[in-house]
Number of protein chains: 2
Amino acid sequence: MRYSDTHKDETRKKVVRAAAAAVRSKGPEGVGVAEIMAAAGLTHGGFYAHFPSKEALIVAAIDEAFGSSARRFARLTDGASRREALATFVDTYVTMRHRDHPEGGCPVATLSSDLPRQGLAVREAYERGLKSLVRRVAGWLPEATPDPDSVAASLVAEMAGSVLIARAISDDAEADRLLADARHRIKHRMGILT
Amino acid sequence: MRYSDTHKDETRKKVVRAAAAAVRSKGPEGVGVAEIMAAAGLTHGGFYAHFPSKEALIVAAIDEAFGSSARRFARLTDGASRREALATFVDTYVTMRHRDHPEGGCPVATLSSDLPRQGLAVREAYERGLKSLVRRVAGWLPEATPDPDSVAASLVAEMAGSVLIARAISDDAEADRLLADARHRIKHRMGILT
DNA sequence: GCCTTTATATGATGATGATCATATTAGACG
DNA sequence: CGTCTAATATGATCATCATCATATAAAGGC
């Protein structure tokens, strides 16, 4: 083995991470293979040594995007109570920071409308990620919550929807107000505030 | 004037309507000028006699998409009370029909994630449409509602978010259940049910 | 230090699509 | 009915981009 065992894998990871950011900020159709490779510090030539197609990269990028979000929230909510975890989630998700940084944000709030137009493999990756997100949120709901998956899906819908709408609003102060209202409303609804 | 006064205008309208559908089902980057012209029964050649650029068409298409949704709901809710109008809106918006037909649906649930990547003119058209939608919904809220625009924005966020998530769910029965839950939850929250 | 292999780079290729230049046609008006 | 022009069609052009073919370079073992 002429290169170290891990060399190619590390390169691949770099490419996937670059793709995960690019795909969220520019959409699956909006990024080019060459651009992603450049972002990873490479040229476009070696691409097909790592992935059979652009679509395969998009799939990996979506998995990575959901995965890194999941890891980040796991870190943030480590050791917290259900209620605290939920509050942290809302306070991190429904924010100007998230509005202004799609490249590192939740794929649900970034790729949702692109999805129906993608190939099966991409949609499956997205659905996988979405379901695991909903299940995670459901796990933070009070134990007595009836039908927690449904409540969680509804929460995710409102949070993602709020961020999407905030992204469409050009006035920062107005977007900020909208998000603050949404946070308050969502937490109230979850019984975190009363 | 060799053609009737209205001929060119009518053609333009046909093109815009075709674009309004195409843009919602395939996204602004996903449709081609030639494809839209063909859908309107023309070839791509005459396009630039009608629009200075593809972007100008997208702007017109977004205006048309928001406009036609608005007209449809105006018709549906004509003469209804506020409460009835709101219920009708929810019952029409948060449905499988809407999930399965983005081409005729609400642009918020179809173009949201494409938007940040579009040019200024497109984003302005979208913002215009979104705000008028929110204002319309706000007008249906009970008179006593404090901060109706904020409540309306939140409702739109949850409704659009629910449809987006339902679109990501491949299993029809599951999506249907999610939407039914969302409808119930939203109406409950609005005080329409109790 | 050299050789071999694996990883990456350089440089096609072919397709697609926005835009534009030129040709053709439709139809109002005389 | 023929003419003339607005409206549309046909057919470039140029750029972008996924994909692939071939060339170069890096580095572990000798």
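Chain A is the first sequence line, chain B the second, and so forth, proteins listed ahead of strands; every chain is numbered from 1.
Remark: C1' of C:dT24 and CG of B:Leu42 are 15 Å apart, rounded to the nearest angstrom. A straight line from NE2 of A:His50 to P of D:dT19 spans 15 Å, rounded to a whole angstrom. One can place CE of A:Met37 at 13 Å from C1' of C:dT10, the figure rounded to the nearest angstrom. Regarding A:Tyr48, its OH atom lies at a distance of 5 Å from the C1' atom of D:dA18, rounded to whole Å. The separation between B:Glu35 atom CD and C:dA18 atom C1' is 14 Å, rounded to whole Å. We find that CD of B:Glu10 is positioned 18 Å from P of C:dA26, with the value rounded to whole Å. Taking atom CD1 of B:Ile36 as the reference point, atom C1' of C:dT19 lies 15 Å away to the nearest angstrom. Nucleotide C:dA18 holds its P atom 9 Å from the CZ atom of B:Phe47, rounded to whole Å.
Remark: B:Ser53 is not in phosphate contact with C:dT19, judged by side-chain N or O atoms under 4.0 Å from OP1 or OP2. An OP1 or OP2 oxygen of D:dT8 is reached within less than 4.0 angstrom by no side-chain nitrogen or oxygen of B:His44. Distances shorter than 4.0 Å separate some side-chain N or O of B:Thr11 from OP1 or OP2 on D:dT8.
Within residues 13-33 of chain B, the residues that place at least one heavy atom under 4.0 Å from DNA chain C are, in residue-number order, B:Val31, B:Gly32, B:Val33.
When atom types are taken as modelled, the side chain of A:Lys14 and the backbone of A:Met37 share no donor-acceptor pair closer than 3.5 angstrom. Formation of a donor-acceptor pair under 3.5 Å by the B:Arg183 side chain with backbone atoms of B:Asp91 is not found in this model.
Using a 4.0 Å cut-off between a side-chain N of Lys or Arg and a carboxylate O of Asp or Glu, B:Arg189 and A:Glu158 qualify as a salt bridge.
Separation of the B:Phe73 and B:Tyr93 ring centroids does not fall under the 6.0 Å cut-off.
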Fill in: side-chain hydrogen bond (donor to acceptor under 3.5 Å, both in side chains) between A:Ser113 and B:Arg167, intermediate numbers included
CA-CA 9 Å; A:Ser113 67; B:Arg167 286 206 178 118; over 6 Å; no
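By the neighbour-count criterion of 12 heavy atoms within 6.0 Å, atom CZ of B:Arg82 is densely surrounded, having more than that number from other residues, nucleotides or ligands.
What you find for B:Asp171 and A:Glu127 is that their closest heavy atoms are N-OE2, 4.4 Å.
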